[in-house]
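Taking it in order: structure first as structure tokens, then the write-up.
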Amino acid sequence: MAQPHVLILGPPGAGKGTQSSNIAETFGVEHVTTGDALRGNKDMDISDMDTEYDTPREYMEAGDLVPDAVVNAIVDEALSQADGFVLDGYPRNMDQAEELADMTDLDVVLSLEVSRDELVDRLTGRRVCDDCGANFHVEFEPPEEEGVCDECGGELIQRDDDNEESVNNRLDVFDDNTAPVIDHYRGDDAFVEIDGEQTPDEVWADIEAAIEEQT
Ligand code: AP5
């Protein structure tokens with residue numbers, strides 16, 4: 001059977017990155033994430049795309065969306081090279097959802113549901129490994145040694161956009177642009193709502209069961 005095509009949706013801090021790693025490892029699919037792709041290319045020159053800023057950095061640090069043309073090209077390229085995938089961070093508005101419909105089909109659309117207060121706590125307390133990208137949280141998922149990655153021993157840092165001002169803007173951008181995308185998928189047979197406020201292990205158990213049932 002072909003590898004599953006999984007889309008994971010949810011607001012910033014819902015656990016998309018955390019759970020996408022589990023999906024990629026367990027189901028042997030590519031983790032396609034626009035956030036990581038853009039963070040790895042923050043200073044690429046996008047001035048020829050007639051954008052407000054010349055690089056993705058300015059948009060990301062403010063918590064605004066990077067222009068569609070930049071992101072669509074990243075996803076198109078990544079999906080054309082993947083057999084199965086878990087797509088994380090895209091689509092974030094209805095124009096991107098229409099682009100995605102032209103690129104591929106989807107077997108499972110997961111929507112992680114988490115309240116706004118919990119999201120602010122998760123994002124402002126998140127720490128990521130500067131070397132391998134593993135996710136931790138100072139309170140909910142602390143590393144064994146403060147500031148050091150359990151996986152590879154790398155340094156744990158706070159993302160530039162995990163300060164309170166950017167976090168609140170990202171959540172507003174989600175409400176205005178991405179919540180309608182989730183409503184758009186809600187009626188599909190592939191759509192599964194997941195309670196993202198459970199422990200990470202409980203969320204994972206629901207996700208694994210949903211993917212097995214849908215594929
Ligand atoms: P991106 O990197 O995609 O960030 P995001 O959507 O804001 O999502 P996050 O990575 O912040 O959260 P997550 O849901 O992955 O949660 P995580 O698992 O880390 O995008 C960044 C920026 O890039 C955007 O603002 C935009 O500028 C640009 N961009 C990206 N895609 C774009 C697009 N398509 N179009 C235009 N621009 C785009 O978990 C968060 C924390 O909570 C962690 O500390 C974790 O340990 C903890 N945690 C996870 N699960 C649980 C749980 N169940 N209980 C308790 N704690 C938990």
Side-chain angles (χ1 to χ4, degrees), residues 7-23 31-42 46 51-53 55-76 78 86-97 99-100 110-115 117-129 133-143 149-150 156-163 165-174 176-179 181-182 194-207:
L7 172 62
I8 188 162
L9 297 165
K16 302 182 298 295
T18 303
Q19 299 298 340
S20 291
S21 299
N22 293 333
I23 295 169
H31 180 194
V32 176
T33 151
T34 47
D36 284 356
L38 289 167
R39 267 184 294 283
N41 293 281
K42 265 189 174 173
I46 56 172
T51 50
E52 186 182 356
Y53 301 114
T55 68
R57 176 181 293 277
E58 290 87 348
Y59 298 96
M60 297 179 76
E61 288 182 357
D64 290 330
L65 295 184
V66 175
D68 289 349
V70 179
V71 191
N72 292 339
I74 290 172
V75 175
D76 200 14
V86 50
L87 178 58
D88 158 17
Y90 181 97
R92 270 178 142 92
N93 59 33
M94 282 307 298
D95 287 341
Q96 293 181 11
E99 285 286 325
L100 180 61
L110 302 164
S111 172
L112 298 181
E113 310 279 326
V114 180
S115 68
D117 285 351
E118 169 82 11
L119 294 168
V120 173
D121 287 349
R122 285 189 189 179
L123 290 170
T124 51
R126 172 168 56 187
R127 299 294 180 269
V128 289
C129 176
N135 258 329
F136 297 88
H137 190 281
V138 290
E139 191 185 337
F140 307 137
E141 240 184 311
C149 177
D150 290 350
L156 299 185
I157 57 163
Q158 185 167 32
R159 262 170 50 173
D160 292 335
D161 59 351
D162 277 348
N163 61 76
E165 190 184 344
S166 295
V167 164
N168 278 306
N169 187 43
R170 283 158 65 199
L171 293 171
D172 291 343
V173 168
F174 170 84
D176 292 344
N177 295 271
T178 316
V181 173
I182 295 177
I194 303 282
D195 175 2
E197 287 209 19
Q198 308 172 89
T199 67
D201 286 347
E202 288 167 342
V203 174
W204 169 237
D206 284 358
I207 287 177

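Both ligands and their constituent atoms are indexed starting at 1 by order of listing. Throughout, numbering of the chain's residues begins at 1 and tracks the sequence.
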Revision key, fill the gap. Per side chain to side chain donor-acceptor pair (under 3.5 Å), Asp88 is matched among Lys16, His31, Gln19 by His31
Exercise for review: In sequence, state the C-alpha distance, the side-chain angles, and the governing distance for Ile46 and Tyr59, and then conclude on side-chain contact (heavy atoms from CB on, under 4.5 Å).
Suggested key: CA-CA 12 Å; Ile46 56 172; Tyr59 298 96; 4.2 Å; yes
Review point. Sequence neighbours excluded, which residues qualify as side-chain contact (heavy atoms from CB on, under 4.5 Å) partners of Arg127?
Key: Val138, Leu156, Gln158
Check your understanding: Testing Asn177, Thr178, Asp176, Asp68 for side chain to side chain donor-acceptor pair (under 3.5 Å) with Asn93, which one passes?
Key -> Asp68
Study note, to complete from the structure: Heavy-atom contacts under 4.0 Å to ligand 1, chain-then-number order, include exactly Pro11, Pro12, Gly13, Ala14, Gly15, Lys16, Gly17, Thr18, Thr34, Gly35, Leu38, Arg39, Met60, Asp64, Leu65, Val66, Val71, Gly89, Tyr90, Arg92, Gln96, Arg122, Leu123, Arg126, Asn135, Phe136, His137, Phe140, Glu141, Arg159, Asp161, Arg170, Gly196, Gln198, Thr199, Pro200
Point to revise | Residues that Asp76 engages under side-chain contact (heavy atoms from CB on, under 4.5 Å), provided they are two or more places apart | key: Met103
**Study point:** With sequence neighbours excluded, residues passing side-chain contact (heavy atoms from CB on, under 4.5 Å) with Asp121
**Key:** Phe140
